Novice: 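So that we are looking at the same thing, I have put the structure below in structure tokens.
Sequence lines set the chain letters: A, B, ... in the order given, protein chains first and strands last, and positions in each chain run from 1. Bear in mind the structure is a predicted one, so any value in this text is a computation, not a measurement.
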Amino acid sequence: MTTPSTYDFAVIEPKWQDYWKQNKTFKAIDCDTTREKLYVLDMFPYPSGAGLHVGHPEGYTATDIWCRFKRMNGYNVLHAMGWDAFGLPAEQYAVRTGTHPAVTTAKNIQIFKRQLEAFGFSFDWDREINTTDPNYYKWTQWIFAQLYKKGLAYESNEPVNWCPELGTVLANEEVINGRSEVGNYPVIRKPIRQWVLKITEYAQELLDGIDDLDWPEGTKEMQKNWIGRSTGAEVDFKVANTDETIRVYTTRPDTLFGATYMVLAPEHPLVAKITTSDRADAVQKYIEVTHTKSDLDRTETKDKTGEFTGAYAINPVNNTKIPIWISDYVLISYGTGAIMAVPAHDTRDFEFAKKFKLPIICIMTPDPKACEAAGVNIDEVLAGNACWPEDGILMNSSNEEVSLNGLHVEDSKKAITEWLEKKGIGTPTVNFKLRDWLFSRQRYWGEPFPLIHMEDGTVKLVDESELPVILPELENYKPTDDGEPPLARATEWLNVVDPETGMKGIRETNTMPQWAGSCWYYLRYIDPHNNEKGWDSEKEKYWMPVDLYVGGAEHAVLHLLYSRFWHKVLYDLGYVTHPEPWKRLIHQGMILGLSYKDQRGALVPNDLVQEKDGKYFHKETGEELAQLPAKMSKSLKNVVNPDDIIKKYGADAFRLYEMFMGPLREVKPWQTEGVEGVFRFLNKVWRMIVNTETGELVAEISDDPITKDQERLLHQTIKKLTEDIETLDFNTAISQLMIFVNEFSKLQKRNRKAIETFVLLLSPIAPHIAEELWQRLGNENTLAYEPWPKFDEEKLKLDQVEVLVQVNGKPKARIQVPAEADKDQLIEIAKQNPSIMPLIDGKTIVKEIAVPGRLVNIVVK
RNA sequence: GUCCGAGUGGCGGAAUGGCAGACGCACUAGACUUAAAAUCUGGCGAACAUAGUUCGUACGGGUUCGAAUCCCGUCUCGGAUACCA
């Protein structure tokens with residue numbers, strides 16, 4: 001191999017990637033008790049055919065820098081990569097072309113791996129995992145078996161979006177206005193047998209666990225809202241002239257006296273029973289219309305619809321007869337599927353009552369101030385012409401046994417709930433928005449369930465010794481004509497005979513959703529080649545929990561919640577030692593592309609834009625366009641391919657740029673010119689150390705002692721890098737490296753020790769160039785485990801510091817003072833300053849403020 | 001609609017109660033060069049009466065000696081969510 005004299009990343013980068021691979025430099029050592037462990041996790045990618053985009057390496061670079069930094073600080077770091085490789089695109093490709101999804105997947109993984117390796121990430125590649133590998137999904141099936149045995153999996157007929165023309169089930173986002181997005185065919189709601197996981201059984205635990213997590217507050221809030229715990233009461237209402245009782249759920253039992261009607265979900269089981277004959281036709285028609293709508297349609301149209309059933313309920317607090325309606329704004333899946341409507345104090349009920357001219361009775365005097373702040377007229381509320389859903393003082397709310405009058409909402413809730421309980425017609429109740437998890441898909445490319453439907457109607461779990469249940473080969477990946485999943489075509493695989501009893505059975509033909517494999521992958525990295533267990537418990541104890549998890553905010557709820565659920569189950573079963581899998585979580589911000597819009601605000605694809613004198617014009621219409629950041633997309637032609645950038649500037653420049661462009665957590669627009677800037681910086685670093693004519697070290701490298709100013713800059717740089725890398729503030733860390741290079745490049749004598757220290761500081765961020773320079777500086781081993789430089793506070797101190805002097809808050813002078821000068825001394829020096837004296841002379845000094853090392857402010861009158 | 005986040009030069013951003021604009025990009029002047037590139041040095045928020053002064057961190061108010069930063073209200077953009085009684 002030639003040793004280049006100029007900064008030739010195309011030679012240097014493969015050289016060191018090869019070195020790390022050959023020497024297994026980044027091998028994580030299991031159960032090494034001599035060092036502190038650190039488990040750093042990235043969200044593993046779905047290996048799509050499009051290859052890596054610039055968003056992937058953002059989070060991966062951040063964790064890589066952190067890992068390299070922590071290794072130099074003595075940690076035993078576990079950092080690995082794998083493939084979340086089950087999923088729809090490979091299957092759809094298979095349906096179109098007949099190519100087996102495993103073939104497509106293997107090809108895509110190869111591309112992804114080559115791309116990731118080109119970044120020089122310090123993964124322990126010996127721990128690579130793949131969710132579609134039978135040795136991996138064996139344990140996904142095993143975990144399902146544990147859930148099943150614990151009674152957390154059940155079969156249910158769940159309504160799904162069924163498209164008869166396409167013969168398939170569609171996801172909610174694939175259905176638009178009741179028709180399929182592809183082909184515009186009608187879609188109906190059809191109950192299909194599904195496997196469902198009882199995540200609701202863990203709702204409270206999942207909620208309780210959130211508070212102690214070091215996660216972004218917004219994400220924690222989103223999980224809390226998703227779980228959606230509410231407290232209230234269930235109340236029984238008798239149906240007039242029948243023996244039927246309808247139970248409603250309300251969070252506002254205090255408003256019982258204001259209930260003027262009742263609403264049932266159209267699917268409520270009592271609807272048919274209580275509907276009067278004269279209303280039957282209308283009610284039946286309404287139910288049919290509701291059924292053709294998807295959940296999305298039902299919630300999108302805010303305009304309230306409904307029908308009167310003809311029946312009446314008796315309000316138990318005052319024996320008033322109130323009409324019973326049905327409407328799709330009441331959901332069968334939440335609470336009891338029935339509500340009492342209090343239009344005066346609930347906005348949805350108010351809208352409904354207005355539309356159908358139902359009575360509105362105000363039973364609460366709002367706080368006038370709160371009312372005004374909300375822009376609501378208090379008299380309108382009292383007259384029943386406006387809705388007030390907030391706090392207030394109750395009125396018109398009493399019967400012979402209980403009175404809420406004069407009480408606030410909270411106290412009223414307590415009082416009325418106690419009364420309801422005593423009468424045996426109500427109970428305090430907790431409800432969750434969280435629904436059980438629909439866990440099966442009618443697809444081919446997913447984990448088969450380890451389940452057999454036996455002849456006698458029972459379901460048998462496949463014995464652990466027979467796992468994995470391997471996905472069978474198929475010719476045709478489409479669902480069958482009668483709507484069975486593709487696996488129903490695998491006739492040989494399908495039929496089994498129980499070896500013990502001789503009973504026949506049919507395997508489950510649904511497969512697991514893509515979430516399954518990603519629910520526990522962080523446990524497999526710990527022990528990826530174990531054939532006896534999913535993971536060894538000693539290793540689990542050593543490595544878990546994950547210390548830092550970095551990934552996109554789009555997974556804030558689903559993946560992160562599902563995975564926490566599985567982990568809690570495994571914890572309860574004693575397979576893991578911590579109740580939560582990830583201690584600290586960070587979301588990297590999205591990287592946007594540059595795009596252009598015309599005067600009407602329509603986006604114009606980048607290939608139709610031309611630049612002229614710093615302005616942008618439409619190639620065809622000539623209209624001037626405005627530049628703006630927009631999501632990268634094929635249609636806008638603004639996708640940046642990392643391969644192109646690495647080819648032109650190298651991986652170190654790419655890494656440096658993505659970390660320098662702004663704070664990790666923020667959304668940032670990609671600007672290729674910015675890469676040029678950091679590339680220039682790397683060249684400058686190279687020239688600071690290597691003579692580009694000879695390839696030898698530059699003559700300026702010196703063993704002479706360092707000056708005090710240089711030493712201060714060095715220690716400032718160590719301090720800044722140490723602190724900023726710890727907190728993942730890479731953009732400011734890099735700017736400090738630039739300041740160092742700008743100064744040291746000017747020096748005729750560049751102290752060898754200082755230069756070596758700089759190379760170590762640069763190494764986590766730009767590891768290839770750093771290794772190369774480290775070697776050229778005469779070191780034999782990789783710098784990956786060199787001790788991280790330490791800074792000395794004493795060496796950061798200045799003898800003299802500049803302090804700003806303000807008069808009445810306006811900057812007036814800058815003075816040099818001894819660094820240790822205290823407040824009184826500062827004020828004294830400031831007052832004697834020639835440009836300050838005339839400003840305060842003859843005036844009354846009202847106040848004197850001094851902040852040592854920063855400023856003095858003299859307030860005069 | 002609700003919840004969360006963000007608004008600072010031509011651009012990415014820095015400063016989270018103490019000199020607004022570090023560092024970088026773009027632009028610009030100069031040096032080197034036959035020339036260009038690269039490199040080096042300088043300039044680069046706005047206005048004006050230009051060795052200076054005033055204004056300036058989305059907008060309006062407030063707290064403070066002092067606010068980009070804290071508080072109240074408004075607007076705009078981005079993300080999430082969707083009638084959960």
Novice: How do A:V678 and A:E217 order along RNA chain B: which one's closest nucleotide is nearer the 5' end?
Specialist: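 Closer to the 5' end of RNA chain B: A:E217.
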Novice: Taking atom P in both B:rA15 and B:rA82, what distance in whole Å separates the two?
Specialist: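 Their P atoms lie roughly 36 Å apart.
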Novice: So which nucleotide from B:rA14, B:rA26, B:rC40 ends up closest to the side chain of A:N731?
Specialist: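 Per side-chain heavy atoms of A:N731, the pick is B:rA14.
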Novice: Under a 3.5 Å threshold, yes or no: a donor from one side chain and an acceptor from the other, between A:D349 and A:Y329?
Specialist: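 Side-chain D/A pair, A:D349 to A:Y329: present.
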Novice: Side chain of A:N225: nearest nucleotide among B:rC3, B:rC65, B:rA85?
Specialist: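 Nearest to the side chain of A:N225 among the choices is B:rC3.
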Novice: Would you check if the distance from the ring center of A:Y649 to the ring center of A:F9 is below 6.0 Å?
Specialist: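 For A:Y649 and A:F9, the ring centres are not under 6.0 Å apart.
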Novice: To the nearest Å, give me how far apart CG (A:L656) and C1' (B:rG12) are.
Specialist: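 Whole-Å distance recorded here is 14 Å.
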Novice: Hey, does A:N742 reach any base, or is it just sugar-phosphate, or nothing, if we go heavy atoms under 4.0 Å?
Specialist: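 Sugar-phosphate only.
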Novice: What's A:N857 touching, base or sugar-phosphate or nothing? Going by heavy atoms closer than 4.0 Å.
Specialist: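 Base contact.
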Novice: Among B:rG13, B:rC83, B:rU81, which is the nearest nucleotide to the side chain of A:W226?
Specialist: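 For A:W226, the side-chain atoms sit closest to B:rU81.
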Novice: What's the NE2-P distance between A:H587 and B:rA80, to the nearest Å?
Specialist: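 Going from A:H587 (NE2) to B:rA80 (P), I get 12 Å.
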Novice: Ignoring the backbone of A:E673, work out which of B:rG13, B:rA85, B:rC25 is nearest its side chain.
Specialist: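 Per side-chain heavy atoms of A:E673, the pick is B:rC25.
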Novice: When you measure from the side chain of A:P669, which nucleotide among B:rA14, B:rG12, B:rA85 comes out closest?
Specialist: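 The nucleotide sitting nearest to the side chain is B:rG12.
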Novice: Any side-chain donor-acceptor pair under 3.5 Å between A:T61 and A:Y657?
Specialist: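 A:T61 vs A:Y657: no donor-acceptor pair found between side chains.
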Novice: In whole angstroms, how far is the P atom of B:rG24 from the CE atom of A:M659?
Specialist: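 Roughly 19 Å, once rounded to whole Å.
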Novice: Distance to the ring centre below 6.0 angstrom and angle to the axis at most 45 degrees; does that hold for A:K304 and A:F352?
Specialist: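 Not flagged: A:K304 not positioned over aromatic ring of A:F352.
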Novice: Base, sugar-phosphate or nothing for A:T347? Non-hydrogen atoms, less than 4.0 Å.
Specialist: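 The answer is nothing, as A:T347 stays clear of every strand by at least 4.0 Å.
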Novice: Establish, with yes or no, whether the OP1 or OP2 oxygen of B:rC40 is under 4.0 angstrom from a side-chain nitrogen or oxygen of A:K684.
Specialist: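 A:K684 to B:rC40 OP1/OP2: side-chain N or O found under 4.0 Å.
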Novice: At 4.0 Å (heavy atoms only), tell me whether A:G335 reaches a base, stays on the sugar-phosphate, or touches nothing.
Specialist: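 Nothing, no nucleic acid heavy atom in range.
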Novice: Between A:W670 and A:F654 (judged by ring centroids, cut-off 6.0 Å), do the two rings come close enough to count as a pair?
Specialist: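 Centroid separation for A:W670 and A:F654: below 6.0 Å.
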Novice: On a plain distance test, is the side chain of A:R814 in donor-acceptor contact with the base of B:rC19 below 3.5 Å?
Specialist: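 Such a pair is found, so the answer is yes.
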Novice: Check the distance between B:rC19's P and A:L804's CG and give it to me in whole angstrom.
Specialist: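 Distance, rounded to whole Å: 7 Å.
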Novice: Could you tell me how far B:rC48 sits from B:rC3 if I compare only their P atoms? Round to whole Å.
Specialist: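 My reading of the P atoms in B:rC3 and B:rC48 gives 46 Å.
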Novice: Please tell me which of the listed nucleotides, B:rA80, B:rA85, B:rG12, lies nearest to the side chain of A:F660?
Specialist: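 Of all the options, the side chain of A:F660 is nearest to B:rG12.
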Novice: Does A:I739 reach a base, just sugar-phosphate, or nothing at all? Heavy atoms under 4.0 Å.
Specialist: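 Since only primed, P, OP1 and OP2 atoms lie under 4.0 Å of A:I739, the category is sugar-phosphate.
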Novice: Give the rounded distance in Å between these two atoms: CG of A:D346 and C1' of B:rC83.
Specialist: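 Taking atom C1' of B:rC83 as the reference, CG of A:D346 is at 9 Å.
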Novice: Please pick, from B:rC25, B:rU41, B:rC11, the nucleotide with the shortest atom-to-atom distance to any side-chain atom of A:K746.
Specialist: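 Of the candidates, B:rU41 comes closest.
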Novice: Quick one: the side chain of A:E802 and the base of B:rC19, do they pair up donor-acceptor inside 3.5 Å?
Specialist: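 Result: at least one qualifying N/O pair found.
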Novice: Out of B:rA22, B:rA85, B:rU39, which nucleotide sits closest to the side chain of A:Y249?
Specialist: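 Selected nucleotide: B:rA85.
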Novice: C1' atom, B:rG30 versus B:rG45: distance in rounded Å?
Specialist: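 Taking atom C1' in both B:rG30 and B:rG45, they lie 24 Å apart.
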Novice: Under 4.0 Å, heavy atoms only, any strand: does A:R665 hit a base, just the sugar-phosphate, or nothing?
Specialist: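 No contact.
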Novice: Send over the distance from A:E743 CD to B:rU41 C1', rounded to a whole Å.
Specialist: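 One finds 14 Å between C1' of B:rU41 and CD of A:E743, rounded.
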Novice: With C1' as the reference atom in both, quote the distance from B:rA67 to B:rA58 in angstrom, rounded to an integer.
Specialist: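 Between the two C1' atoms, the distance is 16 Å.
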Novice: Which nucleotide in the set B:rC83, B:rA22, B:rA85 lies at the smallest distance from any side-chain heavy atom of A:D328?
Specialist: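 For A:D328, the side-chain atoms sit closest to B:rC83.
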Novice: Using OP1 and OP2 only, check whether a side-chain N or O of A:S230 sits under 4.0 Å from B:rA85.
Specialist: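 So the side chain of A:S230 is within the cut-off, an N or O lying under 4.0 Å from OP1 or OP2 of B:rA85.
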Novice: Can the ring centroids of A:F660 and A:F681 be said to lie less than 6.0 angstrom from one another?
Specialist: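 No, ring centres 6.0 Å or more apart.
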Novice: Return the value, rounded to whole Å, for the distance between atom CG of A:L592 and atom C1' of B:rA6.
Specialist: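 Spelled out: CG on A:L592 to C1' on B:rA6 is 13 Å.
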Novice: For atom C1', what is the distance between B:rA37 and B:rA14, given to the nearest Å?
Specialist: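 Looking at atom C1' only, B:rA37 and B:rA14 are 32 Å apart.
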Novice: Would you kindly give the CG-to-P distance between A:L664 and B:rG13, to the nearest whole Å?
Specialist: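 Nearest whole value for this atom pair: 13 Å.
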Novice: What nucleic acid atoms does A:Q806 come within less than 4.0 Å of, heavy atoms only: base, sugar-phosphate, or nothing?
Specialist: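 Answer is base: heavy atoms of A:Q806 come under 4.0 Å of a base.
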Novice: Quick test of your reading of the model: are A:D211 and A:K224 salt-bridged, counting only N-O distances below 4.0 Å?
Specialist: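 So A:D211 pairs with A:K224 through a salt bridge.
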Novice: Between the side chains of A:Y7 and A:T692, is a donor N or O closer than 3.5 angstrom to an acceptor N or O?
Specialist: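 Note: A:Y7 and A:T692 side chains miss the donor-acceptor criterion.
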Novice: Specify the residue among A:I849 and A:V667 whose closest nucleotide of RNA chain B lies further upstream toward the 5′ end.
Specialist: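 Here A:V667 is the residue nearer the 5' end.
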Novice: Could you tell me how far B:rU64 sits from B:rC11 if I compare only their P atoms? Round to whole Å.
Specialist: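 Between the two P atoms, the distance is 36 Å.
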Novice: Does OP1 or OP2 of B:rA85 have a side-chain N or O of A:Y329 closer than 4.0 Å?
Specialist: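 No, no such contact exists.
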Novice: Under 4.0 angstrom, heavy atoms only, what part of the nucleic acid is A:P216 near: base, sugar-phosphate, or nothing?
Specialist: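 Contact class for A:P216: none.
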Novice: What distance, rounded to whole Å, do you find between the two P atoms, one in B:rA68 and one in B:rG17?
Specialist: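 Rounded to whole Å, the distance is 13 Å.
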Novice: Aromatic ring centroids of A:F758 and A:F740 under 6.0 Å?
Specialist: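 Between A:F758 and A:F740, the centre distance is under 6.0 Å.
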Novice: Is any side-chain nitrogen or oxygen of A:R854 closer than 4.0 Å to OP1 or OP2 of B:rG66?
Specialist: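 Checking A:R854 against B:rG66: no side-chain N or O falls below 4.0 Å of OP1 or OP2.
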Novice: Could you check which of B:rA26, B:rG12, B:rG13 has an atom nearest any side-chain atom of A:P663?
Specialist: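 Of B:rA26, B:rG12, B:rG13, B:rG13 is nearest to the side chain of A:P663.
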